[in-house]
Number of protein chains: 2
Amino acid sequence: MELTTPGPTVGVVGAGQLGRMLGEAAGPLGVDVLALDPTEDPPAAPVVSGTIAAAFDDPDALRELAERADVLTYEIELADADAIDEVAAATGTPVHPDTGTLRWTQDKLREKEWLSSAGVPVPDFRSVDGVESLRRAGEELGWPVMLKAREGGYDGRGNVPVEGPEACEEALEAVGSRALAEALVPFDRELAVMGVRGAGETATFPVTETVHEEEILREMVVPPRIEDDPDTDDAEAVIERAREVATEVLDAIDGRGIFGIELFQRGEEILANEIAPRPHNSGHWTIEGARCSQFEQHLRAVLGWPLGSTDARGSAVTTNLLGDVEEPTPARLSGVESVLRTPEASLHWYGKREARPLRKMGHVTLVDGADGAAGLLERAREVREAVTFEESAVRNERSE
Amino acid sequence: MELTTPGPTVGVVGAGQLGRMLGEAAGPLGVDVLALDPTEDPPAAPVVSGTIAAAFDDPDALRELAERADVLTYEIELADADAIDEVAAATGTPVHPDTGTLRWTQDKLREKEWLSSAGVPVPDFRSVDGVESLRRAGEELGWPVMLKAREGGYDGRGNVPVEGPEACEEALEAVGSRALAEALVPFDRELAVMGVRGAGETATFPVTETVHEEEILREMVVPPRIEDDPDTDDAEAVIERAREVATEVLDAIDGRGIFGIELFQRGEEILANEIAPRPHNSGHWTIEGARCSQFEQHLRAVLGWPLGSTDARGSAVTTNLLGDVEEPTPARLSGVESVLRTPEASLHWYGKREARPLRKMGHVTLVDGADGAAGLLERAREVREAVTFEESAVRNERSE
């Protein structure tokens with residue numbers, strides 16, 4: 001294969017932090033990223049070759065994106081599969097990952113059905129369209145169940161645990177009646193595997209422990225802290241099994257690209273939870289922590305280039321910098337010197353203008369070839385606790 | 001300190017590959033890079049927030065750069081110190097590194113005088129302004145001597161070895177009569193140290209062996225292969241001494257920023273050769289090979305932010321991708337799959353539109369935590385030999 005100047009252009013639907021990190025990975029490869037996003041000054045804008053300001057499903061804008069790009073991809077699950085298919089057909093520009101995959105990942109019921117039919121182990125689930133079917137699901141799966149909206153939920157929004165038949169109505173009011181009920185898995189921990197499908201090859205990154213709080217992903221720990229767990233005898237077998245399940249998912253998917261594969265672990269049992277057909281928060285540690293990052297892998301995959309090595313460079317911990325504010329406020333993170341002064345820490349700022357409650361504003365990754373993940377996690381938490389978006393902290397710092 | 005959106009803007013004179021890699025380092029930090037360059041589509045353009053198309057010394061363009069930036073810096077040694085001083089004075093925008101440093105590094109005689117007066121060991125040298133002074137220099141220093149143009153030389157251009165008095169006239173014709181003569185150092189190898197001066201702190205990166213061929217820098221090897229050398233007893237003492245000399249240089253310099261410090265090594269003796277007040281080819285390995293790259297360090301330094309860790313992540317080798325063409329030709333590198341398929345290799349493409357003989361078109365860095373530098377160098381050479389800008393190779397590949 002050849003490299004030229006200008007190089008190939010990857011057209012991306014979405015220009016949020018994932019688009020930004022795709023842009024950052026594209027520079028060294030000589031790849032141009034062109035991103036479409038309705039937001040004014042979206043996070044990706046300063047680092048990509050170009051942006052198109054329009055709604056994600058704007059047919060004219062999508063057509064321009066397809067015409068100017070050598071391949072189309074998307075970094076948001078809200079991308080409109082039909083609109084993308086249409087411009088792809090009209091322009092002949094290939095789309096990766098496959099829009100079929102995008103469609104079933106947009107619907108949590110179809111996702112579970114697809115995984116199930118591919119032989120991938122998933123929690124027991126039932127389709128729900130009202131109080132009656134939810135009650136029946138609870139009886140069959142055993143109370144409590146997790147009620148999930150089929151579409152549009154993310155970061156735990158749209159998920160409600162239902163304790164028993166008397167709680168069904170309220171839960172359906174919150175989630176809507178286009179839903180599914182899942183057996184509540186009493187998991188030991190959540191794991192995730194980033195997998196990548198290239199042209200005729202696939203690869204998985206090392207298994208990642210994902211730490212959620214209030215259903216929001218807070219921390220990624222590589223390798224997972226399974227060995228410290230008295231309930232699990234054989235940490236290696238768990239890791240092996242997680243990678244096996246991820247590979248099953250990957251082998252069943254169509255098209256090329258990177259996929260975030262979220263898993264539940266209980267003892268040595270692994271169940272698949274959700275699949276994201278795009279770079280994923282659980283893989284941000286790969287930027288510093290792996291030989292070739294999830295973002296570079298995605299670019300290589302959608303372009304049909306050889307994949308890179310998914311090997312880890314050492315233990316890694318990523319901590320998200322979430323908006324620790326009560327209400328929207330101009331983005332101003334204080335205490336940043338504590339990040340910059342931590343030798344193993346790398347800062348990633350997403351360039352969002354406004355901090356909002358629990359909004360992902362950036363992340364910090366700590367990598368160490370020698371030290372274990374537990375020590376890194378401790379230092380990551382110290383770093384995160386030293387920074388804040390709260391106005392009062394800024395005022396205090398200034399008045400010092 | 002605080003991070004905001006938009007973050008600070010660093011105005012850079014020059015938008016070549018060094019500006020490009022500064023831009024790539026700026027994204028994750030939330031720093032905007034604005035670069036000034038006369039070239040159409042300069043290498044940095046696709047990855048920086050903005051460019052200004054104008055001559056490096058264009059007063060209006062420099063003024064715009066200074067007005068839009070929070071701090072000014074430069075990535076080319078041809079930057080016009082007077083013009084920069086003028087806009088800095090007019091706008092109040094600080095300049096790093098100090099333009100005084102820029103001035104003496106632009107004149108090889110003043111550079112040697114400055115180093116010498118700072119107590120830094122350098123090869124013996126004499127000022128030369130014609131045949132007579134060159135002959136006298138040769139007699140005093142001992143023939144042969146290296147005649148160097150005081151200004152404008154780079155990549156070995158402007159350097160001519162002079163064997164004896166009879167060769168003086170011809171050498172001066174090639175180099176010009178504004179020159180200096182240096183005692184020819186029969187060095188064992190060339191070393192380089194990237195040093196960084198922040199706000200009240202300095203740091204040096206691990207010592208790098210630089211491999212030149214036909215006076216062009218080809219390869220960087222970290223750590224240097226001194227242990228394999230029968231002439232040098234104590235590799236650690238050599239490394240220590242090189243870092244010591246680099247620190248002497250760094251301590252004597254004014255202002256903040258990253259500096260490339262080129263050294264000659266003979267046994268345990270270290271002499272300073274040249275100083276570059278900017279990111280330097282010998283430090284490209286730090287992007288993957290060090291915790292915090294030379295480019296991120298430079299941004300941190302000029303902004304007055306805390307410096308990062310200069311620790312290496314393992315052994316590292318960088319091989320430059322030079323234009324292996326006889327005459328200018330559109331940039332088209334074939335055989336790139338060999339780079340992408342080497343697990344420890346990272347590709348850096350500079351986005352230049354035209355390959356020219358020995359022009360720096362990109363580089364590849366190999367990092368390994370376990371394997372030594374010698375093994376990496378071997379693999380780096382295999383990778384480099386598998387790629388070419390030659391048209392015939394492309395044609396052969398296509399016809400296969």
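Only heavy atoms go into these numbers, but all of them, side chains included; no hydrogens, no water, no symmetry mates. Labels below follow one simple rule: chain letters A, B, ... track the order of the sequence lines, proteins then strands, and each chain is numbered from 1.
Most heavy-atom pairs under 4.5 Å with chain B, from the set A:Ala25, A:Ser49, A:Ala45, A:Gly27: that is A:Gly27. Note on A:Met21, A:Met361, A:His348, A:His363: by heavy-atom pairs under 4.5 Å with chain B, the leading option is A:His348. Among the candidates B:Val47, B:Val339, B:Val387, B:Leu347, the residue making the largest number of heavy-atom pairs closer than 4.5 Å to chain A is B:Leu347. The choice from B:Gly7, B:Pro6, B:Gly362 that makes the most heavy-atom pairs within less than 4.5 Å of chain A is B:Pro6. Per-residue heavy-atom pair counts under 4.5 Å with chain B were compared for A:Leu29, A:Val48, A:Val33, A:Leu340, and the maximum is reached by A:Leu340.
Listed by first and then second residue, the side-chain hydrogen bond (donor to acceptor under 3.5 Å, both in side chains) pairs that reach into residues 299-312 of chain B are B:Glu296-B:Arg300, sequence neighbours excluded.
Nearest heavy-atom pair, B:Pro28 versus A:Glu24, reported as atom, atom and distance to 0.1 Å: N-OE2, 3.3 Å. The two residues A:Gly351 and B:Thr5 have their closest heavy-atom pair at O-CG2, 3.2 Å. Between B:Pro306 and A:Glu337, the shortest heavy-atom distance links the atoms CG-CB, 3.9 Å.
Here the CD atom belonging to B:Glu288 is positioned 11.0 Å from the CD atom belonging to A:Glu288, to the nearest 0.5 angstrom. To the nearest 0.5 Å, atoms OG1 (B:Thr4) and CH2 (A:Trp349) are separated by 7.0 Å.
Between the side chain of B:Arg291 and the backbone N or O of A:Asp368 there is no donor-acceptor pair closer than 3.5 Å.
At a 4.5 Å heavy-atom cutoff, B:Glu354 makes no contact with chain A through either its backbone or its side chain. In this structure, chain A has no heavy atom under 4.5 Å from any part of B:Ile287.
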